[in-house]
Amino acid sequence: MRAKLFRVLVFLGTAGVVAAAWWTGTLRAQADLMEQGRRQLELLAPDLQSAMEKYETLPFVLGFQPDLIQALAHTDDAPTIARLNQSLQTIQQQAKVGAIYMMDRTGLTLGASNWDQPLGFVGKNFSYRPYFNEALHGRAGLFYGIGTSTSEAGYFIAQPVYRNGTAGGPVAGVVVAKISLADFEQTWRSSEHAIALADRHGVIFLSNQPQWRYRSLQPLSAATTQELAHTQQYMGQTVAPLPAHPGQFAARPVGRLGWQLMLFPSQARVARAGLQWALAAVLLLSCAAASWWALHQRRRRLEERKESRQALQQAARELDSRIVERTQQLRETNHDLENKYARLKAAEQMLRSTQNELVQAGKLAMLGQMAAGVTHELNQPLAAIRAFADNARTFLQRGQPAQAEANLGHIGDASARMGAIISQLKGFARKDEAICAVDMAKPVRASAFMMESEFRRHGVALAIDAGAEPDAVPLLVAGDPVRIEQVLINLLRNALDAVEESPERQVCITLARVDDHAEVRISDSGGGIPEQVAAHLFEPFYTTKPSGKGLGLGLAISSSIVQAMNGQLTAHNLPGGGAQFVLRLPLQLESTNASHPH
Ligand code: ADP
């Protein structure tokens, strides 16, 4: 709203200044031109005046010419008239005037310088002209008008011709010189201002504006119109006022007939001056506006630069603080992570030891389960040893040392067998793991051997196929033989459990090389793994067995042992019924020196 008002005010101000400039320019030009016009009139008017006055004496002098006086005395004498015409013509040519002619007292022209021209004055009567009357009464007659016969305008100067050639005597005729003022008009043409010469009625008869001729500045009165008609001053032309008043003018009186020489300053020049001033004002205002605008722009640019610099500084400050903040956050996060990592490490450590303990617990649990079988296994040779010993004593008492020695041999065998069983159990109970190259046939045989008595007790057939040829290349894997045995014993025990209720009770353990792996398969003729069990098979504490019999840890521990050796433990059901567990361990191909822990 304020901006709009401001704009309107600026526009009005600008318009006002331009208008004022135009007005000032116009007034000044008008005044200047008026002054110039006045000065020009000072030069033009005397020129005109002197030209008119110069010829005033000519007819006066002619009045005393004998030729003229004689012609008036002998108006009918042709030679005299001819001489008159001749001399008038000669004088006219010498004096360079428009025409010279002489009338008698009635106004009839007796002789004229243009006697030999078609529109010559001879024979014409000009008694109606005022100059004729003036001269007839002994005064100089001055008149300006359009010639009735030639239609040419001119200044007429008339003087009396006295009868005896003595001034003041009776007047016999009138002699007139007609002067053309057209030359002046021609001179004025070069002026850019309108110049006009008007008679005492205000009728313009000479001007450098041709359309102004015989026009009045003001409407003429009726008396004036009548007078003009009588004197035929302008040959009966109706004098109309100028269609539009030409405006201010400078004027100066000329001659003795109340004439006014007028100069109208060029309106075009005035308008041009006004326009120039207005244009100058516009230019000046434009310059002012442009400089104001440039200044304004510059100030704005500086301000903008300052603002952007401030914004930049602010941004930099913010960035700095953000960086500090983020650094702090990162430090804290890092610290957090370190803490978490340490806790994770501790947890891992704990897990590892827990796992070890779990493995050990699994082993011990298995040992417990095996205890009955082992007891039975050890009992047999023990009983045999006792019987052999008793018999040996009897043989010795009977004096049969050879028999006694044979029995001692049997005792040795039986105790060796017991030693083997015990050493297996000792090795199995060992807590630390020892990674080495293991010939897979050995744990397979060892586990089968350890479970043999139990299978037998339950009346389950156990078939082994641990690589038939004894001299075949051993399948070596990197691992702990005790742990591998632990896995296999666990699988054999599960198989034994699985076939417990089955009509056909059979378990088979095989070893074979498949690609880069040693593969042990334990198959049974049990009921197989039910679908809902398969999903949880390797989960710890998952068991389908009655409490006291199963802990649900066997497969979980076995799986983790196998994974620790980069192997896999999987299970699937056989098409003919029963389950098959597959243990796959990567072969240690490059290594050749296998250690033999058993
Ligand atoms: P546990 O023997 O103490 O139950 P395991 O982890 O060794 O624990 O076995 C988990 C479960 O897997 C067993 O309860 C049984 O249901 C199933 N399972 C294991 N082996 C076999 C098999 N050979 N045939 C059928 N089911 C089996």
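First listed ligand is number 1; within each ligand, the first listed atom is number 1.
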Worksheet item: Which pairs count as ring-ring contact (aromatic ring centres under 6.0 Å, His included) when at least one residue sits in residues 11-36, sequence neighbours excluded?
Response: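 Not a single pair qualifies under ring-ring contact (aromatic ring centres under 6.0 Å, His included).
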
With sequence neighbours left out, which residue pairs that include part of residues 309-333 fulfil the ring-ring contact (aromatic ring centres under 6.0 Å, His included) condition?
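Sorted pair list comes back empty.
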
Describe, in one word, how the ring planes of Phe264 and Phe249 are oriented to each other, choosing from parallel (under 30°), tilted (30 to 60°) and perpendicular (over 60°).
->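 It falls in the tilted class, 30° to 60°.
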
Margin query: Determine whether a donor-acceptor pair (N or O, by modelled atom type, separation under 3.5 Å) exists between the side chain of Ser415 and the backbone of Gly412.
Written below: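 Yes, because the side chain of Ser415 sits within donor-acceptor range (under 3.5 Å) of the backbone of Gly412.
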
Requested in this report: Applying side chain to side chain contact (heavy atoms under 4.5 Å, CB included), name anything that partners Pro210, two or more places apart in sequence or on another chain.
Outcome: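 By the side chain to side chain contact (heavy atoms under 4.5 Å, CB included) rule, Pro210 matches Arg189, Arg213.
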
Which N or O atoms of ligand 1 sit under 3.5 Å from a protein N or O, and how far apart is each pair?
| residue | atom | partner | partner atom | Å |
| --- | --- | --- | --- | --- |
| ligand 1 | 2 (O) | Asn494 | OD1 | 3.0 |
| ligand 1 | 2 (O) | Lys545 | NZ | 2.6 |
| ligand 1 | 3 (O) | Leu551 | N | 3.0 |
| ligand 1 | 3 (O) | Gly552 | N | 3.0 |
| ligand 1 | 4 (O) | Thr543 | OG1 | 2.6 |
| ligand 1 | 6 (O) | Leu555 | N | 2.9 |
| ligand 1 | 7 (O) | Asn494 | OD1 | 3.2 |
| ligand 1 | 7 (O) | Asn494 | ND2 | 2.8 |
| ligand 1 | 14 (O) | Thr543 | OG1 | 3.4 |
| ligand 1 | 14 (O) | Thr544 | N | 2.9 |
| ligand 1 | 14 (O) | Thr544 | OG1 | 3.1 |
| ligand 1 | 16 (O) | Thr544 | OG1 | 2.4 |
| ligand 1 | 23 (N) | Asp524 | OD2 | 2.8 |

Discussion item. Could you tell me if Arg317 and Gln314 have a donor-acceptor pair between their side chains, going purely by distance under 3.5 Å?
Written reply: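 The answer is yes; a qualifying pair exists.
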
